[in-house]
Amino acid sequence: MNVFVTGGTGYIGSHTCVELLEAGHSVVVADNLVNSSPESLRRVEKLTGKAVPFYNADIRDRDALNRIFDQYSFDCAIHFAGLKAVGESVEQPLRYYRNNLDSTMTLMEVMGDRGVKNILFSSSATVYSQDNTMPLTEESRTGGCTNPYGWTKFMCEEIMRSTAKADGEWSVMLLRYFNPVGAHPSGLMGEDPRGIPNNLMPFITQTAAGRRDHLNVFGNDYPTPDGTGVRDYIHVVDLAKGHVAAMQYMAEHRGTHVFNLGTGTGYSVLDMVHAFEKATGKPLPYKIAPRRPGDVAVVYADPSKSEKLLGWKAELDLEDMCRDSWNWQSHNPNGYGEEEK
């Protein structure tokens, strides 16, 4: 398939490009580089030996999208582009609603105009209500989100559902991620956030690399075994392969489909710290900090639907996640930045 990938220079997008190319698909990437580097795509090309056309474009820019769609005949789009930091969304709600909703609607309007009515959406476990029991299935209650980021994902899902309901030619895959971590095993690609990270693993690896003098653990008074938040961490390569499986399923099944992409196992922040120390031999100094706004105590998935229908399940474990994260960080202490100088 010919795949249009929005946000394709980002952490998950770039790893997905590798898996798409290795599965025999072709990709075109658009990204405004607000939180990513074009160097990631040069690494994709190095790993796969295949060219990746790239456009520095904001997905809210209809004219830019039209120019891209004028040049290519796409079979589907994978929509990664969006702002994604929970805490930042609480501080800057208007920015999040404007960016994440506008980009989704503009993309779907342009796609609809061109008859490209197949889309995979990078959604999130944050769409699930807090009052659900664990593990979360695709039928668990949604809404009641604890932060604007989660609400934008929820609203984008509703936009896509409504569109597919009104026009039966649309196929929509809503892929609800849990907590992506890890890096490509080659050490060439990984997570490289701009500024202060918003996710746990970059904090861990940057602390181990000496870029930070300690790790902040946000909250130790949650109702969990060790008081720290519990999450379902999934290796980014497994997550990327889930997109390939979902795209193939979408090609044969019209309508709207929802899938959890997680491992089904919850680990606490301190579990991650100790696993990283064991996998790498690197001590991790940490300090307990106040809870972050919008965070919840426990979230983990029931991924059985994905295994049954997509033939996909996570294969890499916590040790793989920690080892590959450190391999990336230790070989790229400044992320992709060194290559751009």
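When a residue number appears, it is its place in the shown sequence, counting from 1. Source: prediction; values computed, not measured.
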| Which salt bridge (Lys or Arg N to Asp or Glu O under 4.0 Å) pairs, counting each pair once, include a residue from residues 230-241, with sequence neighbours left out? | none
| said: Distance alone, cut at 3.5 Å: any donor-acceptor contact between the side chains of Asn147 and Arg292? | reply: no
| said: Main chain of Val86, side chain of Ser89: is a donor-acceptor contact present, judged purely on distance under 3.5 Å? | reply: yes
| request: Give the intermediate values and the outcome of salt bridge (charged side-chain N to carboxylate O under 4.0 Å, His left out) for residues Glu22 and Lys50. | output: CA-CA 9 Å; Glu22 291 188 342; Lys50 298 178 181 179; over 6 Å; no
| said: Distance check, rounded to the nearest 0.5 Å: Ile159 atom CD1 versus Leu107 atom CG? | reply: 11.5 Å
| said: For the backbone of Asn260 and the side chain of Ser306, can you confirm whether one donor and one acceptor N or O come within less than 3.5 Å of each other? | reply: yes
| What do the steps show when you test Lys84 against Ser122 for side-chain contact (heavy atoms from CB on, under 4.5 Å), and what is the final call? | CA-CA 11 Å; Lys84 64 173 187 174; Ser122 168; over 6 Å; no
| field | Spatial distance of atom OH (Tyr336) from atom CH2 (Trp328) [nearest 0.5 Å] | value | 4.0 Å
| field | Asp324-His235 side chain donor-acceptor pair, cut-off 3.5 Å | value | yes
| said: Is the distance from the ring center of Phe80 to that of His15 below 6.0 Å? | reply: no
| task | Could you verify whether a donor N or O on one side chain and an acceptor N or O on the other, from Asp226 and Ser268, lie under 3.5 Å apart? | result | yes
| field | Atom of Leu174, atom of Met160 and distance for their closest heavy-atom approach | value | CD2-SD, 3.9 Å
| task | Look only at the side chain of Asn2 and the backbone of Ser73, and say whether a donor-acceptor pair between them is shorter than 3.5 Å. | result | yes
| query | Of Val296, Val269, Asp295, Val230, which is the lone residue that meets side chain to side chain contact (heavy atoms under 4.5 Å, CB included) with Tyr222? | reply | Asp295
| For Tyr286, does the OH atom have more than 12 heavy-atom neighbours from other residues, nucleotides or ligands under 6.0 Å away? | no
| query | Is the shortest heavy-atom distance from the side chain of Pro303 to the side chain of Leu261 under 4.5 Å? | reply | no
| query | Looking only at atom types and distance, does a side-chain atom of Thr6 sit under 3.5 Å from a main-chain N or O of Ala81, one as donor and one as acceptor? | reply | yes
| field | Heavy-atom pair with the smallest gap, counting every atom of Pro185 and Asn327 | value | O-ND2, 3.2 Å
| Tyr11, Leu33: one ILVMFWY side-chain cluster at the under-4.5 Å cut-off? | yes
| field | Sidechain N-carboxylate O distance under 4.0 Å for Arg42, Glu39 | value | yes
| Do the side chains of Val298 and Phe218 join up, straight or via other hydrophobic residues, at under 4.5 Å, putting them in one cluster? | no
| said: Rounded at 0.5 Å granularity, tell me how far CD1 in Ile204 sits from OG in Ser325. | reply: 8.0 Å
| field | Minimum-distance pair of heavy atoms, taken over all atoms of His25 and Val3 | value | CB-CG2, 4.4 Å
| query | Do you see a donor-acceptor pair shorter than 3.5 Å between the side chains of Tyr55 and Gln71? | reply | yes
| said: Exactly one of Leu94, Asn99, Asn100 should register a side chain to side chain contact (heavy atoms under 4.5 Å, CB included) with Tyr96. Which one does? | reply: Asn100
| task | List the atom of Leu310, the atom of Ala245, and the distance in Å for their closest heavy-atom pair. | result | O-CB, 3.9 Å
| query | Taking the side chain from Tyr128 and the backbone from Thr137, do they hold a donor-acceptor pair closer than 3.5 Å? | reply | yes
| Donor-acceptor under 3.5 Å (Ser129 side chain, Asp131 main chain) | no
| message | Going by salt bridge (Lys or Arg N to Asp or Glu O under 4.0 Å), name the residues that satisfy it together with Glu19, two or more places apart in sequence or in a different chain. | response | none
| request: Could you please spell out the steps behind the side-chain contact (heavy atoms from CB on, under 4.5 Å) verdict for Leu65 and Ile59? | output: CA-CA 7 Å; Leu65 289 187; Ile59 308 305; 4.1 Å; yes
| Steps toward side-chain contact (heavy atoms from CB on, under 4.5 Å) verdict (Val217, Lys287) | CA-CA 6 Å; Val217 175; Lys287 295 181 180 179; over 6 Å; no
| said: With rounding to the nearest 0.5 angstrom, report the CD to NZ distance, Gln329 to Lys282. | reply: 11.0 Å
| message | Just to verify, what does Asp63 make a side chain to side chain donor-acceptor pair (under 3.5 Å) with, not counting sequence neighbours? | response | none
| Hey, is CD on Glu139 packed in by over 12 heavy atoms from elsewhere, all under 6.0 Å? | no
| field | Closest non-hydrogen atom pair between Cys76 and Leu120, with its separation | value | SG-CD1, 4.4 Å
| Centres of the Tyr300 and Tyr267 rings: under 6.0 Å? | no
| message | Measuring only between side-chain heavy atoms, which start at C-beta, is Ser123 closer than 4.5 Å to Tyr177? | response | no
| query | Would you say Asp75's side chain and Met1's backbone share a donor-acceptor pair under 3.5 angstrom? | reply | no
| request: Would you confirm whether Glu138, through its side chain, and Lys305, through its main-chain N or O, come within 3.5 Å as a donor-acceptor pair? | output: no
| When the aromatic ring centroids of Phe203 and His214 are compared, is their separation below 6.0 Å? | no
| request: Answer yes or no: is there a donor N or O on one side and an acceptor on the other, between the side chain of Asp31 and the main chain of Asn56, under 3.5 Å? | output: no
| Geometric class of the His253/His257 ring pair [parallel <30°, tilted 30-60°, perpendicular >60°] | perpendicular
| query | Which residue pairs pass the salt bridge (Lys or Arg N to Asp or Glu O under 4.0 Å) test when at least one of the two sits in residues 174-184, sequence neighbours left out? | reply | Glu157-Arg176
| note | Between Ala23 and Val244 the two heavy atoms that sit nearest each other are CB-CG1, 3.9 Å
Which side-chain N or O atoms in residues 313-322 pair as donor and acceptor under 3.5 Å with protein atoms at least two apart or in another chain?
{"from": "Asp317", "atom 1": "OD1", "to": "Glu319", "atom 2": "N", "distance (Å)": "3.2"}
{"from": "Asp317", "atom 1": "OD1", "to": "Asp320", "atom 2": "N", "distance (Å)": "2.9"}
{"from": "Asp320", "atom 1": "OD1", "to": "Arg323", "atom 2": "NH1", "distance (Å)": "3.0"}
{"from": "Asp320", "atom 1": "OD1", "to": "Arg323", "atom 2": "NH2", "distance (Å)": "3.1"}
{"from": "Asp320", "atom 1": "OD2", "to": "Asp317", "atom 2": "N", "distance (Å)": "2.9"}

| Under 3.5 Å, is there a donor-acceptor pair linking the side chains of Thr9 and Ser36? | yes
| Which residue pairs pass the salt bridge (Lys or Arg N to Asp or Glu O under 4.0 Å) test with at least one member in residues 102-127, sequence neighbours excluded? | Arg62-Glu109, Asp70-Arg114, Arg98-Asp102, Lys117-Asp167, Lys117-Glu169
| In a check of ring pair (Phe, Tyr, Trp, His ring centres under 6.0 Å) between Phe4 and each of Phe69, Phe54, Tyr72, which one passes? | Phe69
| task | For residues Thr48 and Arg43, determine if any side-chain heavy atom of one lies less than 4.5 Å from a side-chain heavy atom of the other. | result | no
| field | Steps toward side-chain contact (heavy atoms from CB on, under 4.5 Å) verdict (Val5, Thr16) | value | CA-CA 9 Å; Val5 182; Thr16 301; over 6 Å; no
| query | Between CH2 of Trp151 and CG of Leu101, what distance do you get to the nearest 0.5 Å? | reply | 12.0 Å
| message | Rounded to the nearest 0.5 Å, what separates atom CE in Met111 from atom CD1 in Ile119? | response | 4.5 Å
